[in-house]
Amino acid sequence: MKKIIFTFLLILLTATSHAKISNKEISDSLKCAGIFTSTQFIKQGELPNGDLAYKENSLAAAKVTREFLTNEGVLEDKINSSINSTVDEMFGKPYQKTLMDNCYAFIFKLIPNGKEKVEETSKTIYGG
């Protein structure tokens, strides 16, 4: 009986550790990556307090999200076209704090060590 339980637990743990993300999570991640990328087109004077850290963090978040999606098996063409589509939608719009905060919260929850990865990556952007 112990052997059966052990085997069942082993199968369960193995199956869950390699679980892929859902289509909705892919879609939401792509949308957020596009939103992060679109921040690069906002003039510095239109950012909160004119702080370039908003651009650094958003560019880092876009890069980390892109790498995560690639590792999850999402094709580069899909990533690029989705990000470009969102950038087109967002172009010319002001910085939207609530939207950005929601995207950060989403990717930090979805991507293992996402917050740490974004923080580390942001230190390398613009001479961090």
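All values reported here derive from a predicted model rather than from experimental measurement. Side-chain atoms are counted along with the backbone in the values below, which use heavy atoms only and exclude waters and symmetry mates.
Applying the side chain to side chain donor-acceptor pair (under 3.5 Å) test to T98 and every residue at least two apart in sequence or in another chain returns nothing. Remark: E116 pairs with no residue by the salt bridge (charged side-chain N to carboxylate O under 4.0 Å, His left out) rule, at least two apart or across chains. Listed by chain and residue number, nothing satisfies the side chain to side chain donor-acceptor pair (under 3.5 Å) test with S27 (two or more places apart in sequence, or in another chain). Take Y54 and apply the ring pair (Phe, Tyr, Trp, His ring centres under 6.0 Å) test, not counting sequence neighbours, and it matches Y95. For K117, the salt bridge (charged side-chain N to carboxylate O under 4.0 Å, His left out) criterion is met by no residue, not counting sequence neighbours. Annotation: salt bridge (charged side-chain N to carboxylate O under 4.0 Å, His left out) contacts of D101 (sequence neighbours excluded): K97.
The closest donor-acceptor contact from the side chain of E67 to the backbone of V64 lies at 3.5 Å or more, if one exists at all. With hydrogens and angles ignored, the 3.5 Å screen pairs a side-chain donor or acceptor of Q40 with a backbone N or O of K55. With hydrogens and angles ignored, the 3.5 Å screen pairs a side-chain donor or acceptor of T86 with a backbone N or O of S82.
Judged as a salt bridge (Lys or Arg N to Asp or Glu O under 4.0 Å), the pairs with a partner in residues 77-95 (not counting sequence neighbours) are, in order, K31-E89. The disulfide bond (SG atoms under 2.5 Å apart) pairs that include a residue from residues 68-101 number zero, where partners must be two or more places apart or lie in different chains. Applying the ring pair (Phe, Tyr, Trp, His ring centres under 6.0 Å) test to every pair with at least one member in residues 62-86, sequence neighbours left out, gives no pairs at all. Residue pairs satisfying the ring pair (Phe, Tyr, Trp, His ring centres under 6.0 Å) criterion with at least one member in residues 20-44, sequence neighbours excluded, are listed as follows: F36-Y104, F41-F91. A disulfide bond (SG atoms under 2.5 Å apart) check over residues 26-63, counting only residues at least two apart or in different chains, returns the pairs C32-C103.
Heavy atoms only, all atoms of each residue included: A33 and A62 are closest at O-CB, 3.9 Å. Across S29 and F106, no two heavy atoms sit closer than the pair OG-CE2, 3.4 Å. Between S58 and M100, the shortest heavy-atom distance links the atoms CB-CE, 3.7 Å. Here the shortest heavy-atom pairing between G34 and V87 reads O-CG2, 3.6 Å. Between E72 and I21, the shortest heavy-atom distance links the atoms OE1-N, 3.5 Å. Annotation for N57 and V118: closest pair O-CG1, 3.9 Å, computed over non-hydrogen atoms.
Side-chain contact annotation: R66 with N71, donor-acceptor N/O pair under 3.5 Å absent.
Interatomic distance, CD of E25 versus NZ of K109, reported as 9.0 Å (0.5 Å rounding). Rounded to the nearest 0.5 angstrom, L30 CG and I83 CD1 are separated by 6.5 Å. I35 CD1 to L99 CG: the interatomic distance, rounded to the nearest 0.5 Å, is 4.0 Å.
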Trace of the side-chain contact (heavy atoms from CB on, under 4.5 Å) decision for I111 with T65: CA-CA 8 Å; I111 300 172; T65 303; 4.1 Å; yes

Expected list for residues 43-53: side-chain donor-acceptor pairs under 3.5 angstrom, two or more places apart:
{"unit_1": "Q44", "atom_1": "NE2", "unit_2": "G50", "atom_2": "O", "d": "3.0"}
{"unit_1": "D51", "atom_1": "OD1", "unit_2": "A53", "atom_2": "N", "d": "2.9"}

